[in-house]
Amino acid sequence: MQNLLLNLNPEQLAAVTLPAQPALILAGAGSGKTRVLITRIAWLIQTGQVSPSGVLAVTFTNKAAKEMMMRLSAMLPINTRGMWIGTFHGLCNRLLRAHHKDAGLTATFQILDSQDQLSAIKRLLKSLNIDDEKYPPRNLMYFINGAKDQGLRAHQVDVSDDYNRKFVELYALYDQQCQREGVVDFAELLLRTYELLARNQPLREHYQARFKHILVDEFQDTNDLQYKWLKLMAGQGGTVFAVGDDDQSIYAFRGANVGNMSTFEREFKVENLIKLEQNYRSHGHILDSANTLIANNSKRLGKNLRTDAGHGEPVRIYESTSDLLEAQWIIEEAKSLINEGATRSEIAILYRSNAQSRVIEHALFSAGIPYRVYGGQRYFERAEVKHAIAYLQLMDNPHNDSAFLRVVNFPTRGIGARSLEHLQDAARQQGISLYAAVPYVAGKAGASLGAFLKLIEGTRFEAQHLPLPEMIQIMLDMSGLITHYRSEREGADRIENLEQLVNAATLFVAEEGFGHNAPALSGPQADVLAAASITTADGIEIIDADARLSFIMSPLSAFLSHASLEAGDNQAKTGQDALQLMTVHSSKGLEFEAVFITGLEEGLFPHENSQKEESGVEEERRLMYVAITRAKKRLYMSFSQTRMLHGQTRYNLRSRFFDELPEQALKWLSPKIQAPQHSWFAHPKAAWVDEPQFGANTIANKFTKLDLGWRIGENVAHLKFGEGVIVNIEGSGDSARAQINFGKHGMKLLDLTVAKLEKV
DNA sequence: ACCAGTTAACTTTTT
DNA sequence: GTTAACTGGT
């Protein structure tokens, strides 16, 4: 038996071996948070305090859940497959499948991803003849998800005005539509499970008794409903072990509530609060920068990272004149890093928003440097895969109208808008699904719809007793998808993706233990199965949800939920050693030898949409904190005076975050403040490299427009508004006015003859 | 049913 | 500058 506790620092050791009481672990970036969480589970099991089936470990991403399982099986001789380790949504899916009747769902209920949800909402609005200008589908979706994330049903939402009343009404109708179609959205998975457990006492008590230890990763990212869910699962005296970092809370925009950390502390009467402040990732100057920056936030639980690694190199800061040059500079630096022996995949280029990647990609492409962009389209989100999935969904649950509409005329089979209108009328009249309404449509339209219905039923018949991969192969052939893409010019990739679906199914069936060669249970996990069926004191039989999908649903249902819950790899194909490009958000949890944080400009980072409220700026600051703490040895930050955004040139000030960094940790590679007479000529390098790109009609000639000595792009200072950049000048002489970007004070139009402006 | 041409929008993102 | 969604013509 290996000693799990070796090589833990005193804080980590204390956290791992805490008594069975509620605990909050404040774990800074790079402090070994995941390690503590996993070792805690292993230690609890190894010391006999809990059996593997008594552990509930919740994460936010599938990646994190997988990593946890992998590392846990490396520590202990157990099969983690049957354990309750997963995402909130994955675990809820399992519970709802096992108890679908109690939850008011069909056995084959299907899960809508955000795309599906939006189209379901659009469909709803259309069927109700509601003006989607007045009630934008996207807003309605945010409204519904926001309410659900707080644990509120339509009738529980406070109505403030008529506009809101309509939203609430539509929320209720949306839920009815989903119920009719046998589908649930992501938020519904959680809310349904919550309601199931809240209402069903025997079930609740069963799971509360079962899960002796509940462990939560990234606790700062929980929303209100997830917190309530955890509270319900834990019950009285439940032991929740929450690990998180309030300084890394960057998902408030999707409902995450950092306040859950202090609420948890209060409501669970947490006596065990441990801070992990020893950082094993970054050198001193980098860490100092992170610490000094984040100290500007007001609402913090308080934490300061330290390292034994020494100061290391200073943080390098570069000011560029244009986004193009910024990209070129990044590439020059990256090149020299590689020449010095750096591995490409150990270099990351981070940006605030995806739109910024284009310039950088372009420059990398021209320079012939391999790179990888995270956050592209994922496998199960590709159109052709979505189509194939829709056929499978119809085979498993024909009342899924979204799936029906997606493929009823794809490949085209002569079912146009008119035919569908008839069908939708019939369905509405009868209050049934489109599939069920087909017999009610007469004439030519009825005939072609009938043929489609026969196709689905024929496919289901042919496939019914076959293993999942063969089932999918038959669907691909019979649906005509493969034939359709074969006739398309650029269909080869799509066909390959479709064939890939068969492979994915083969892999899935093997991994989830479906089929004949499912591994037999043995060892410490046997009790997982033993609990499969229990009878409570009241004589109510409970079918216990096992963590393995194969016990509670058919391979097809399981595969479909897998497709919705795990959209597939979010990163470009691995293989070649490549530079890593991603948003700051998607960099969370990763680390690199060298990091470039780019586009550090007012309006971009912090983003302009977040500047209205102080809490918004604080979240941006945490985002910046996350970005800084990704770097191990070398950190670059850059910003540009001009940038093409939405097709027009923007003049930005450098980010306020620069003023919040410790000067002694920084090294400015270019002058911090430029002499006014130099303006964009300030960098000889810039001017030369620039010439080819700066054609006669781009930025260069804009600078030639002089008025009263003021130039577009020039940095100025105003008594009241502080520093700004001249974005535009209109008129001339005594009617000249300048549009000036004052960063946090916003854009102002000032009369140049009146305003007291100074050159900076 | 399908194409081309026009228009409006547009942080961050996992499940 | 890009893209999705819509309009009008064939």
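Only heavy atoms go into these numbers, but all of them, side chains included; no hydrogens, no water, no symmetry mates. In what follows, chains carry the letters A, B, and so on, assigned in the order in which the sequence lines appear, proteins first and then strands, with residues in each chain numbered from 1.
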Ion pair check, Asp185(A) and Lys148(A), cut-off under 4.0 Å: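 Salt bridge between Asp185(A) and Lys148(A), a charged N being under 4.0 Å from a carboxylate O: yes.
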By the 4.0 Å heavy-atom rule, please label [X] as base, sugar-phosphate, or nothing.
X	result
Phe88(A)	nothing
Phe60(A)	sugar-phosphate
Ile415(A)	sugar-phosphate
Asn62(A)	sugar-phosphate
Ser114(A)	base
Asn409(A)	sugar-phosphate
Asn354(A)	sugar-phosphate

What's the closest nucleotide to the side chain of [X] if the choices are [options]?
X	options	result
Thr87(A)	dT15(B), dT14(B), dT12(B)	dT15(B)
Thr583(A)	dT14(B), dT12(B), dT11(B)	dT12(B)
His89(A)	dT11(B), dC2(B), dT15(B)	dT15(B)

Summary of protein contacts for nucleotides 1-10 of chain C, nucleotide by nucleotide, where a base hit scores B, a sugar-phosphate-only hit scores S (4.0 Å, heavy atoms): BS--S-----
G-U wobble or Watson-Crick pairing nucleotide for dT11(B) (cut-off 3.5 Å, both distances):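 Paired with dT11(B), as far as the under-3.5 Å criterion goes, is no nucleotide at all.
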Checking [X] side chain against [Y] main chain: does a donor-acceptor pair fall under 3.5 Å?
X	Y	answer
Thr106(A)	Phe109(A)	yes
Thr629(A)	Tyr625(A)	yes
Gln110(A)	Ser561(A)	no

Nearest-nucleotide comparison on DNA chain B, the residue closer to the 5′ end among Gly416(A) and Thr61(A):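 Taking each residue's closest nucleotide, the earlier one in sequence belongs to Gly416(A).
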First of Leu604(A) and Arg413(A) reached from the 5' end of DNA chain B, by closest nucleotide: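 Here Arg413(A) is the residue nearer the 5' end.
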[Y] ring center within less than 6.0 Å of [X] ring center:
X	Y	value
Phe253(A)	His585(A)	yes
Phe639(A)	Phe658(A)	yes
Tyr351(A)	Phe596(A)	no
Phe60(A)	His89(A)	no

Grab the [atom1]-[atom2] distance between [X] and [N] for me, whole Å please.
X	N	atom1	atom2	result
Arg352(A)	dC10(B)	CZ	C1'	13 Å
Glu566(A)	dT14(B)	CD	C1'	11 Å
Met582(A)	dT11(B)	CE	C1'	18 Å
Lys148(A)	dT15(B)	NZ	P	19 Å
Lys612(A)	dT11(B)	NZ	P	11 Å
Glu381(A)	dT13(B)	CD	P	12 Å
Asn652(A)	dT11(B)	CG	P	15 Å
Tyr142(A)	dT14(B)	OH	P	14 Å

Side-chain N or O of Arg378(A) closer than 4.0 Å to phosphate OP1/OP2 of dT15(B):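 Answer is yes, contact under 4.0 Å.
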